[in-house]
There are 2 protein chains.
Amino acid sequence: MLKTNEVMDVEKVAMTLKLLGDKTRLIMVKLLDSHDCCVCEFVEIFKTSQPSISQHLRKLRDVGLVKEERRGQWIFYSLNKDNSYYCFVQQVLGQLPSQDHKLKELEEQGTRITCC
Amino acid sequence: MLKTNEVMDVEKVAMTLKLLGDKTRLIMVKLLDSHDCCVCEFVEIFKTSQPSISQHLRKLRDVGLVKEERRGQWIFYSLNKDNSYYCFVQQVLGQLPSQDHKLKELEEQGTRITCC
DNA sequence: TGAGTATATAAGTATATTATTATATACTTA
DNA sequence: TAAGTATATAATAATATACTTATATACTCA
């Protein structure tokens with residue numbers, strides 16, 4: 001894993017920023033920075049279709065920013081700490097306000113998944 | 001100007017990241033972080049058309065990330081330090097390797113503009 | 001003032017991105 | 001094993017983006 005200040009490939013940084021440059025994905029990644037989440041939680045949070053969420057997650061997964069893990073019926077996503085640009089992403093996310101209130105809302109609604 | 005850790009609008013952060021998520025613009029902004037540059041220098045550096053460069057600069061200008069200043073025949077661009085997201089952008093750029101070698105090449109070629 | 005240089009903008013085209021709809025896969029549980 | 005739930009993928013349509021070509025504007029200097 002690259003440490004901050006080690007040499008980074010500008011092209012890959014641009015690609016990472018482009019991925020984060022979408023409101024839905026940015027909030028997703030920010031949420032994942034503090035909690036693993038499953039697909040249906042994102043569907044609920046973003047009030048959008050399940051395929052749309054899956055496609056965003058796929059993009060993040062394709063570049064190795066997130067990883068998936070099945071837990072029973074659900075597939076949970078988490079940040080991939082082994083990714084070369086994990087530290088870089090952390091620095092960016094660190095400047096963003098927490099989005100955890102969105103998860104709180106799910107808990108209040110009773111739609112937060114806490115299996116396993 | 002927002003300090004890092006003050007509340008930022010996620011939507012605007014996403015928009016900023018999207019703008020930086022283009023290799024040409026990312027390098028432009030990184031270069032501007034250390035030196036003002038004029039349009040024709042960018043044209044030379046990126047080996048692309050002048051309108052293409054102008055259009056990238058316009059996008060950056062439209063959100064207030066950069067500002068322009070005429071100096072004689074040339075228009076010089078610089079980072080807009082008054083922008084609310086200047087600090088945020090600084091943090092991102094700080095993690096990128098310097099791109100100043102591109103300006104060095106111009107100097108060696110004799111195509112660096114140093115008017116005024 | 002006219003020619004040359006620097007830059008911006010408009011229009012058109014090619015490509016990329018995002019969301020939707022339809023469908024397939026995989027797991028759970030009665 | 002059948003029905004229900006969760007997720008992924010494929011195909012398509014709508015929209016956004018980036019580059020090119022053509023043209024307009026503004027400055028400089030002979």
Side-chain angles (χ1 to χ4, degrees), chain A residues 11 14-29 31-32 36-63 65-78 106 109-116, chain B residues 11 14-29 31-32 36-63 65-78 106 109-116:
Chain A
E11 194 133 8
M15 207 188 176
T16 304
L17 292 174
K18 180 184 281 187
L19 280 174
L20 297 179
D22 172 277
K23 195 185 165 191
T24 301
R25 285 190 298 260
L26 183 62
I27 295 176
M28 274 181 168
V29 171
L31 285 170
L32 292 176
D36 295 359
C37 294
C38 76
V39 180
C40 61
E41 290 174 321
F42 286 135
V43 171
E44 191 62 34
I45 286 171
F46 294 108
K47 306 285 181 219
T48 184
S49 70
Q50 173 269 315
S52 175
I53 294 296
S54 273
Q55 283 159 14
H56 281 302
L57 286 168
R58 190 195 210 293
K59 290 186 186 196
L60 295 172
R61 191 158 37 88
D62 281 351
V63 301
L65 235 51
V66 304
K67 59 186 182 190
E68 56 175 329
E69 179 199 345
R70 181 175 282 276
R71 293 189 206 157
Q73 197 168 2
W74 298 281
I75 293 183
F76 276 76
Y77 280 84
S78 58
L106 289 196
Q109 273 178 237
T111 48
R112 179 104 163 93
I113 308 287
T114 45
C115 88
C116 316
Chain B
E11 193 134 7
M15 206 188 175
T16 303
L17 292 174
K18 181 185 281 187
L19 281 174
L20 297 179
D22 173 278
K23 196 186 165 191
T24 301
R25 286 193 296 261
L26 183 61
I27 295 176
M28 274 179 167
V29 171
L31 285 169
L32 291 176
D36 296 1
C37 294
C38 76
V39 180
C40 61
E41 291 175 319
F42 285 135
V43 170
E44 191 62 33
I45 287 171
F46 294 107
K47 307 284 182 220
T48 185
S49 71
Q50 173 268 315
S52 175
I53 295 295
S54 273
Q55 284 158 12
H56 281 302
L57 286 167
R58 190 193 209 294
K59 291 191 180 193
L60 295 171
R61 189 158 39 87
D62 281 352
V63 301
L65 236 50
V66 304
K67 59 186 183 191
E68 56 175 329
E69 178 198 346
R70 180 174 281 277
R71 293 187 207 159
Q73 196 168 3
W74 298 282
I75 294 184
F76 276 76
Y77 281 82
S78 58
L106 289 196
Q109 275 178 237
T111 48
R112 179 102 162 94
I113 308 289
T114 47
C115 88
C116 314

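By convention in this document, chain letters (A, B, ...) are assigned in the order of the sequence lines, proteins followed by strands, and residues within each chain are numbered from 1.
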Interatomic distance, A:His56 NE2 vs C:dT17 P [rounded to whole Å]
12 Å
Does any non-hydrogen side-chain atom of B:Thr48 lie less than 4.5 Å from one of B:Thr24?
no
Could you walk me through whether A:Tyr77 and A:Leu31 pass the side-chain contact (heavy atoms from CB on, under 4.5 Å) test, one step at a time?
CA-CA 10 Å; A:Tyr77 280 84; A:Leu31 285 170; over 6 Å; no
Measure CG/A:Asp62 against P/C:dT18 and give the value in whole Å, please.
13 Å
Length of the CG-P vector between B:Asp22 and C:dT17, whole Å
11 Å
The dot-bracket string of DNA chain C, counting Watson-Crick and G-U wobble pairs with both distances under 3.5 Å, using [ ] for crossing pairs and | for pairs to another strand, is ||||||||||||||||||||||||||||||
Mind checking whether A:Glu44 and A:Cys40 have side chains closer than 4.5 Å, heavy atoms only?
no
Between A:Asp36 and A:Arg71, is the closest basic N to carboxylate O distance under 4.0 Å?
yes
Any B:Leu26 side-chain heavy atom under 4.5 Å of A:Leu17 side chain:
yes
Are OP1 or OP2 of C:dA16 and a side-chain N or O of A:Lys18 less than 4.0 angstrom apart?
no
All side chain to side chain contact (heavy atoms under 4.5 Å, CB included) counterparts of A:Lys67, not counting sequence neighbours:
A:Ser78, A:Asn80
Atom pair distance, as rounded to whole Å: CZ in B:Phe42 and P in C:dA6
16 Å
Go through A:Ile45 and A:Met28 one step at a time and tell me if the side-chain contact (heavy atoms from CB on, under 4.5 Å) criterion holds.
CA-CA 9 Å; A:Ile45 286 171; A:Met28 274 181 168; over 6 Å; no
Short side-chain N/O contact to C:dT20 OP1/OP2 from A:Thr48, under 4.0 Å
yes
Give the intermediate values and the outcome of side-chain contact (heavy atoms from CB on, under 4.5 Å) for residues A:Phe46 and A:Ile27.
CA-CA 9 Å; A:Phe46 294 108; A:Ile27 295 176; 3.7 Å; yes
Please determine if a side-chain N or O atom of B:Ser49 lies less than 4.0 Å away from the OP1 or OP2 oxygen of D:dT20.
yes
Rounded to whole Å, CZ of A:Arg71 lies from C1' of C:dT28 at a distance of 17 Å
D:dA6 P sits how many Å from A:Glu44 CD, rounded?
11 Å
From CG of A:Leu19 over to P of C:dT18, roughly how many Å is that when rounded to an integer?
8 Å
Distance below 4.0 Å between A:Thr24 side-chain N/O and C:dT18 OP1 or OP2
no
Within the side chain of B:Glu41, is there an N or O that forms a donor-acceptor pair under 3.5 Å with the backbone of B:Cys38?
yes
At less than 4.0 Å, is any side-chain N or O atom of B:Lys59 found next to OP1 or OP2 of D:dA18? Yes or no.
yes
Restricting to nitrogen or oxygen on both sides, can you table the protein-nucleotides 7-9 of chain C pairs closer than 3.5 Å?
unit_1, atom_1, unit_2, atom_2, d
C:dT7, OP1, B:Val39, N, 3.4
C:dT7, OP1, B:Ile75, N, 3.2
C:dT7, OP2, B:Cys40, N, 2.7
C:dA8, OP1, B:Tyr77, OH, 2.5
C:dA8, OP2, B:Ser54, OG, 2.7
C:dA8, N7, B:Gln50, NE2, 2.6
C:dA8, N6, B:Gln50, OE1, 3.1
C:dT9, OP2, B:Arg58, NE, 3.3

